[in-house]
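Input: a single structure, listed below in structure tokens.
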Amino acid sequence: MSDDDMGGSGDEDYYNDYYSDGHDPDVETLDKTLQDPEYFEFQCLTDTEVERFINERVEELSTSIQVTPSLAKVLLLMCQWNLSEIVSSYRADAHRLLIQCQVKPSMPANNNNTSMVSANLVSATNTSNRSTTNTPFPSNVGLMSSTSMEKAGDCVTLCSSSSKSECSSRDVVCGSNAIIQQESDVKECCCPVCLCAMKPSESSQLSCCHRFCNSCWSTYFDVEITQGITTRIECMSSHCEVLAPEDFVVPLLPRTRVREKYHQFAFADYVRSHPELRFCPGPNCTIVVRAKDNKPKRVICEACNTQFCFACGCDYHLPTSCETIRRWLTKCADDSETANYISAHTKDCPKCHICIEKNGGCNHMQCYNCKHEFCWMCLGCWRSHGSEYYECSRYKENPNIAHESVHAQAREALKKYLHYYERWENHSKSLKLECQTLNAIRTRIHAKVMAGTGTWIDWQYLLDAATLLARCRYTLQNTYPFAYFLAPGPRKDLFEYQQAQLEAEIENLSWKIERAEMTDRGDLENQMDIVEKRRTTLLTDFQP
Amino acid sequence: MSNIAAQRIQREFNEVIKSDEAQKFSIKLEMDGSDFRHINGEIAGPPDTPYESGNFKLEIKIPDTYPFNPPKVKFLTKIWHPNVSSVTGAICLDILKDQWAAAMTLRVVLLSLQALLAAAEPDDPQDAVVANQYKENRALFTSTARYWTTVHAGGKQLNPDFDKKIHTLLDLGVEKHQALVALSACDWNLDRALEQIFS
Ligand SMILES: [Zn+2]
Ligand SMILES: [Zn+2]
Ligand SMILES: [Zn+2]
Ligand SMILES: [Zn+2]
Ligand SMILES: [Zn+2]
Ligand SMILES: [Zn+2]
């Protein structure tokens, strides 16, 4: 076999085209998607790169609407990182957006009393609050007036039962207008959480004006962060949903270890909430995949080689949608005991009844005893499978089932599920067995190369065929959950027709690969072309 | 146990004892020895509800992280209510879960539970059987809940019809609480209750 043969075949161009560099990226992408329904553009980012990516968005928002980076982070997280939408709703109605994003309290201000007390307290607010003052809040002081009356009430009741002297000023303030003038008295109050006296300088509040001592805030943050909560920490007051932003939380964290944990969990929250980012699910892998489209397409991690669905992070599952595969896997887990009995590796030959063990991936079986050719799945004669309508993959529903008894319906439902489950499970096993075949082919090629019969390049097509087989079998396996949940009708008929065609061609390819030494190379490459075209057609016609 | 938790519990005790509700014997807190972590609570059934004139005992466990995490509360007195398990006494109430806030107190918890007795939330049920009866057959739910109050919580209202059905099962050797649970769950249908017990 000459080198010319290798690069020259039309089939190979068909595959190589996807990966060539073009000139016009947009047209190129469109072309690629049309040619290959699985084509997907993505990047694998290291944590430093993701951090830079996130910080760039934060900075962009922070400069365009003039807010602190800390507040920008809250807005981005709450609005799924939709920068342009945030900017436009901020310009349209900043107050409403800030309430929606739990930056400001939803309760309107209604008490002049407390507002004046608060105004007095604000002057002594700690640094973290001062930084929020820089942001163009309509008026921070105005916001402060929304102290919940219930809270003030709680405080009074609790304090009065213990340290009367500490709280007398607060008591009076909460109760009457006349005392407001005595500003010098409003020095201390008790923290509603620990019930200890607190100085304004040693306490802090968010925009909702619920003031607590710094030591309680610290302990509270510590407890929340230990439970993995970081970007969603709410105010400590009853029924108050105002979120504590980063620049409020971090200065109140005394221990470095907790501060590190905060940043680590917050980083994970940012990645998880960003529709363009997805953590690689590979064990101990820190790669984050970035793609512009949040679609259920296949991505492969550059670092650990894990393949997964970009939209849901689970095993890749086209043509089945994320939602359907989730329902399917839940069902399989629930019914695992029912399905156990079918995991047998041996079946009897339908003609001579000798026990046959399946040790290859191909479902086109030939009995070693009587040479009868049959289908492993349905035990039907293989010759009928070769005809234009391959019926094995299709489940024939009982048309009168609605009139049958409840028990009969339950039995029918189980039968239907087992039909699809059996095929799903069987292709998964075939995939594993064909992986062994691939290794065996590698060993055989190695032996041939060592013996001087050709080079690795000469035999590469065999490895290509086995790789293609794995890819097609994987898609075929994932057609079964899709078919199971598909409502009966012309669309299901078309799907099952295409599924049957794909299945038949895959078994042909598998049969040929297992007997590669006897198969003509041209014949094999022709089969590869047919299988991949069937697979591409099915994926194109049934995009989720 | 952290200082702040002990300090809070002590003051909250005082708050409850001095509260108007305590004066009216509507809520009560008692310590189990000197351990702040185990508290017994009690609430009176609200008037004009099937729980009226009953007293319901509660087990309150204070976590070390209190008040930053909520207390763990369950009913010790058996109660027929959509948001309380008729078997374990476990409660489904938002402020005992994610809606808890550090500024809330045991008094707030007791009053909220009392409010829950007055207004159930059948769409967020703890006990599916009870919730279903509440939605499907409110009159039967009310008499069942009232009967449980009389049997378990010291309520005053009698129900000779229910008594008779319970006795039928007792005569067959069924344990008393099991008979009550089965009949309540089967809408007081004797045949269905028997089937449930002996199947
Ligand atoms: Zn405090
Ligand atoms: Zn607040
Ligand atoms: Zn990875
Ligand atoms: Zn997915
Ligand atoms: Zn045979
Ligand atoms: Zn078959």
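A note on names: the letters A, B, ... follow the listed sequences, proteins ahead of strands, and every chain is numbered from 1.
Formation of a donor-acceptor pair under 3.5 Å by the B:R8 side chain with backbone atoms of A:L195 is not found in this model.
Residues of residues 43-54 of chain B lying under 4.5 angstrom from chain A, judged on non-hydrogen atoms, do not exist here.
A:C240 does not touch chain B: none of its heavy atoms, backbone or side chain, sits under 4.5 Å away. For a residue to count as touching a neighbouring chain, one of its non-hydrogen atoms must lie under 4.5 Å from one of that chain's; by this rule A:E234 does not touch chain B. Only the side chain of A:V223 comes within contact range of chain B, judged by heavy atoms closer than 4.5 Å.
Listed here is the closest heavy atom pair of A:S237 and B:A101: O-CB, 3.3 Å. B:Q7 and A:C194 get closest at one heavy-atom pair: NE2-O, 4.0 Å. Shown here for A:C216 and B:I4, the closest heavy-atom pair between the two residues is SG-CD1, 3.7 Å.
Among residues two or more places apart in sequence or in another chain, the side-chain contact (heavy atoms from CB on, under 4.5 Å) test is passed with A:A413 by none. Residues passing the side-chain contact (heavy atoms from CB on, under 4.5 Å) test with B:C92, sequence neighbours excluded: B:K97, B:D124, B:Q126.
Among the candidates B:S19, B:P67, B:A102, the residue making the largest number of heavy-atom pairs closer than 4.5 Å to chain A is B:A102.
Counting heavy atoms of neighbouring residues, nucleotides and ligands inside a 6.0 Å radius, atom NZ of B:K165 exceeds 12 of them. Residue-environment remark: CZ (B:R192) exceeds the threshold of 12 foreign heavy atoms within 6.0 Å. The environment of CD in B:E175 is crowded: more than 12 heavy-atom neighbours from other residues, nucleotides or ligands sit within 6.0 Å.
For residues 212-232 of chain A, the pairs satisfying salt bridge (Lys or Arg N to Asp or Glu O under 4.0 Å) are A:D222-A:R255, with sequence neighbours left out.
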